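Take a look at the structure set out below.
In this text the structure is predicted, and so the values were computed from the model without any measurement.
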Amino acid sequence: YNRVRNMQKAAKEIVDKYEGVFPENYEGLLELCGIGEYTAGAIASAAFGVRVPAVDGNVLRVMTRVTADERDITDAKVKKTIREKMFEMLPKSSEDMRIFNQALMELGATVCLPTGNPKCDSCPWNKLCKAHANNHEYFVPAVYDLLSNDGFFPPDCLWQLPVIHPKPPLKNTHQRPFSSIPFRNS
């Protein structure tokens with residue numbers, strides 16, 4: 001429901017602030033209620049041919065695996081760095097850039113899957129992928145924030161085990177290797 005409310009607010013902003021004309025640039029889109037960097041990038045590049053990356057969770061996962069970057073992709077600084085690198089990779093032509101953005105999002109959604117189930121054998125980038133070359137595709141990107149306040153992983157996160165990394169440093173406990181990850185009994 002929050003998205004619908006934000007869409008309603010954005011529609012009113014377009015009428016009031018832009019005289020009913022949808023903003024055609026990245027900066028204008030970012031000013032609309034409920035529009036973040038990813039959505040603004042996706043709309044600006046796909047609808048208006050603006051040379052800007054559309055970096056969602058799928059793209060973050062693809063890029064961290066290809067480069068074997070084990071940093072926390074939920075960290076704003078990490079997202080910003082990856083987004084800046086994406087600018088360098090974007091094709092020059094509007095049509096190629098649109099295809100590139102969509103292809104990366106689709107690659108992450110259908111092939112470079114989360115939770116330890118990537119389909120590396122069918123990935124067009126598997127020869128370039130550093131995480132795959134090092135058999136680390138199951139550990140990249142790192143997931144840090146699954147520990148509960150009591151220092152244990154909740155039982156419902158068991159399916160995510162292949163990609164869990166304890167967030168350093170753990171409060172009131174020592175670092176544990178993967179073989180002894182603490183789980184709360186329930």
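- With sequence neighbours left out, the side chain to side chain contact (heavy atoms under 4.5 Å, CB included) criterion links N58 to D56, R61, A109.
- The backbone N or O of E137 lies less than 3.5 Å from a partner atom in the side chain of R65, making a donor-acceptor pair.
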Item to check | side-chain contact (heavy atoms from CB on, under 4.5 Å) between H136 and E70, intermediate numbers included | outcome: CA-CA 9 Å; H136 287 169; E70 295 188 20; 3.8 Å; yes
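- In this structure, P53 and F100 have side chains that are not in contact, with every pair of non-hydrogen atoms separated by 4.5 Å or more.
- Between L30 atom CG and T39 atom OG1 the span is 9.5 Å, to the nearest 0.5 Å.
- Here I82 contributes atom CD1 and L60 contributes atom CG; the two are 5.0 Å apart, rounded to the nearest 0.5 Å.
- Looking at heavy atoms from C-beta onward, V62 lies out of side-chain contact with C129 at the 4.5 angstrom threshold.
- The residue from V52, V55, D96, L90 that alone fulfils the side-chain contact (heavy atoms from CB on, under 4.5 Å) condition with N101 is L90.
- A salt bridge is defined here as a Lys NZ or Arg NE, NH1 or NH2 lying under 4.0 Å from an Asp or Glu carboxylate O, and D69 with R71 meets this definition.
- Looking at heavy atoms from C-beta onward, N25 lies out of side-chain contact with F48 at the 4.5 angstrom threshold.
- Distance check: I35 CD1 to E37 CD gives 12.5 Å after rounding to the nearest 0.5 Å.
- With R83 contributing its side chain and A54 its backbone, the two residues share no donor-acceptor pair below 3.5 Å.
- A donor-acceptor contact shorter than 3.5 Å is absent between the side chain of D16 and the backbone of A11.
- When the side chain to side chain contact (heavy atoms under 4.5 Å, CB included) test is applied to K119, the partners found at least two apart in sequence or on another chain are V111, L113, S122.
- With sequence neighbours left out, E31 forms a side chain to side chain donor-acceptor pair (under 3.5 Å) with K17, Y18.
- I14 and M7 fall into different hydrophobic clusters, where Ile, Leu, Val, Met, Phe, Trp and Tyr residues are linked whenever their side-chain heavy atoms come under 4.5 Å apart, directly or through other members.
- Here the straight-line distance linking atom CH2 of W125 with atom SG of C112 works out to 9.5 Å at 0.5 Å rounding.
- Connection of Y38 to F22 is established within a shared hydrophobic cluster, with ILVMFWY side chains joined at heavy-atom distances below 4.5 Å, either directly or through further cluster members.
- A single hydrophobic cluster is seen to contain both V59 and L128, as judged by linkage of ILVMFWY side chains at heavy-atom distances under 4.5 Å, directly or through other members.
- Using a 4.5 Å cut-off on side-chain heavy atoms (C-beta onward), R5 and N2 make contact.
- Side-chain atoms of N6 never come within 3.5 Å of backbone atoms of C33 as a donor-acceptor pair (strictly under, hydrogens ignored).
- Note: I99 CD1 to S45 OG = 11.5 Å, rounded to the nearest 0.5 Å.
- Note that NZ of K85 is 10.5 Å distant from CE of M89, once rounded to the nearest 0.5 Å.
- Linking Ile, Leu, Val, Met, Phe, Trp and Tyr whenever their side-chain heavy atoms come within less than 4.5 Å puts F87 and I73 in one cluster.
- Here the closest heavy-atom approach between residue G49 and residue S94 is recorded as O-OG, 3.2 Å.
- Hydrophobic clustering (ILVMFWY, side-chain heavy atoms < 4.5 Å, transitive): L32 and V15 are in distinct clusters.
- Contact check for K92 versus R51: side-chain heavy atoms found under the 4.5 Å cut-off.
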